[in-house]
Engineer: 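The structure under discussion is supplied below as structure tokens; questions concerning it will follow.
Note: hydrogens, waters and symmetry copies are ignored here, and every other heavy atom, side chains too, is used. On a predicted model such as this, the values are computed, not experimentally measured, just so you know.
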Amino acid sequence: MRHSILLLLPALALAACSTPREDCIYNANDQLRTLESKIKTAQGNVDRGFAISTSRNTRTVEATCTNTLPDGTVERYPCDRTETFTTSDPVQIDIADERRKLAEFKRQLAPLQAATNTAVQQCIAIHPE
């Protein structure tokens, strides 16, 4: 629990540095970023002919741990450490279905770009710098 709080501190510090205008623009672009990511994934799947499934796994590895005693002596002893790693595996897909999804995503792109541009302009008008 303590480690997850420590990991959030830099993110909170960065979030505190953004202006209301930057937050508004970032949020206005959220749907467009999501759609562009879907297009990139679908295009990659079509180009390759298969999808890629990623999963996070853990394994235990042997290591050497150390402990400093009150008198300053350092003791070393064998111990186990847990590592997290990511694997990527090919997944069979229906290419025709993937092409249909890609075409639909691309069809949605232009109207969403226009809506996003309008939202960004509203952010600029609401939050002048």
Side-chain angles (χ1 to χ4, degrees):
M1 176 75 168
R2 184 173 182 207
H3 294 296
S4 32
I5 291 172
L6 292 175
L7 292 173
L8 288 175
L9 288 177
L12 291 173
L14 286 175
C17 294
S18 64
T19 66
R21 181 181 188 170
E22 291 169 334
D23 289 342
C24 183
I25 291 171
Y26 179 83
N27 292 333
N29 280 291
D30 188 49
Q31 288 182 328
L32 183 60
R33 277 192 309 275
T34 300
L35 182 60
E36 288 172 340
S37 175
K38 288 179 180 182
I39 289 171
K40 182 179 176 184
T41 299
Q43 186 66 60
N45 291 348
V46 168
D47 292 346
R48 280 187 308 274
F50 59 89
I52 296 177
S53 171
T54 57
S55 59
R56 291 180 53 104
N57 301 296
T58 57
R59 64 178 159 226
T60 304
V61 294
E62 292 180 14
T64 301
C65 294
T66 59
N67 183 33
T68 305
L69 301 174
D71 66 359
T73 312
V74 176
E75 67 177 358
R76 298 182 195 290
Y77 56 93
C79 61
D80 292 334
R81 300 230 183 217
T82 303
E83 287 183 351
T84 302
F85 62 99
T86 304
T87 58
S88 300
D89 300 305
V91 177
Q92 184 176 356
I93 58 172
D94 179 349
I95 296 293
D97 184 48
E98 198 71 13
R99 283 191 177 115
R100 280 190 294 277
K101 284 191 334 192
L102 179 58
E104 177 60 23
F105 293 153
K106 286 182 176 181
R107 186 192 65 71
Q108 295 172 8
L109 187 59
L112 186 56
Q113 285 173 326
T116 299
N117 289 340
T118 301
V120 167
Q121 292 306 314
Q122 288 175 345
C123 290
I124 293 169
I126 294 170
H127 304 287
E129 292 200 344

Engineer: Can Arg33 be said to sit on top of Tyr26's aromatic six-ring, NZ or CZ under 6.0 Å from centre and within 45° of the ring axis?
Structural biologist: yes

Engineer: Ring of Phe85, cation from Arg56 - is the NZ or CZ under 6.0 Å from the centre and inside 45° of the axis?
Structural biologist: no

Engineer: Return yes if some donor-acceptor pair links the side-chain N/O of Thr34 with the main-chain N/O of Asp30 below 3.5 Å, else return no.
Structural biologist: yes

Engineer: Return the minimal non-hydrogen interatomic distance between Ala63 and Arg81, and the atom names on each side.
Structural biologist: CB-CG, 3.5 Å

Engineer: Under a plain distance cut-off of 3.5 Å, with no hydrogens placed, do Asn57 and Thr87 share a side-chain donor-acceptor pair?
Structural biologist: yes

Engineer: Please, which pairs that meet side-chain hydrogen bond (donor to acceptor under 3.5 Å, both in side chains) have at least one residue in residues 110-127, sequence neighbours excluded?
Structural biologist: none

Engineer: Which heavy atom in Ala51 sits nearest to a heavy atom in Asn45, and how many Å separate them?
Structural biologist: CA-OD1, 3.3 Å

Engineer: Would you name the heavy atoms of Thr66 and Tyr77 that are closest together and state the gap between them?
Structural biologist: C-CE2, 4.1 Å

Engineer: Any salt bridge between Arg107 and Glu104, counting N to O under 4.0 Å?
Structural biologist: yes

Engineer: For Cys79 versus Thr64, what's the shortest heavy-atom pair and its separation?
Structural biologist: SG-C, 4.1 Å

Engineer: Could you report the tightest heavy-atom contact between Leu102 and Gln43, atom names first, then the distance?
Structural biologist: CD2-OE1, 3.1 Å

Engineer: If you measure from CD on Glu36 to CG on Leu109, what distance do you get to the nearest 0.5 Å?
Structural biologist: 6.0 Å

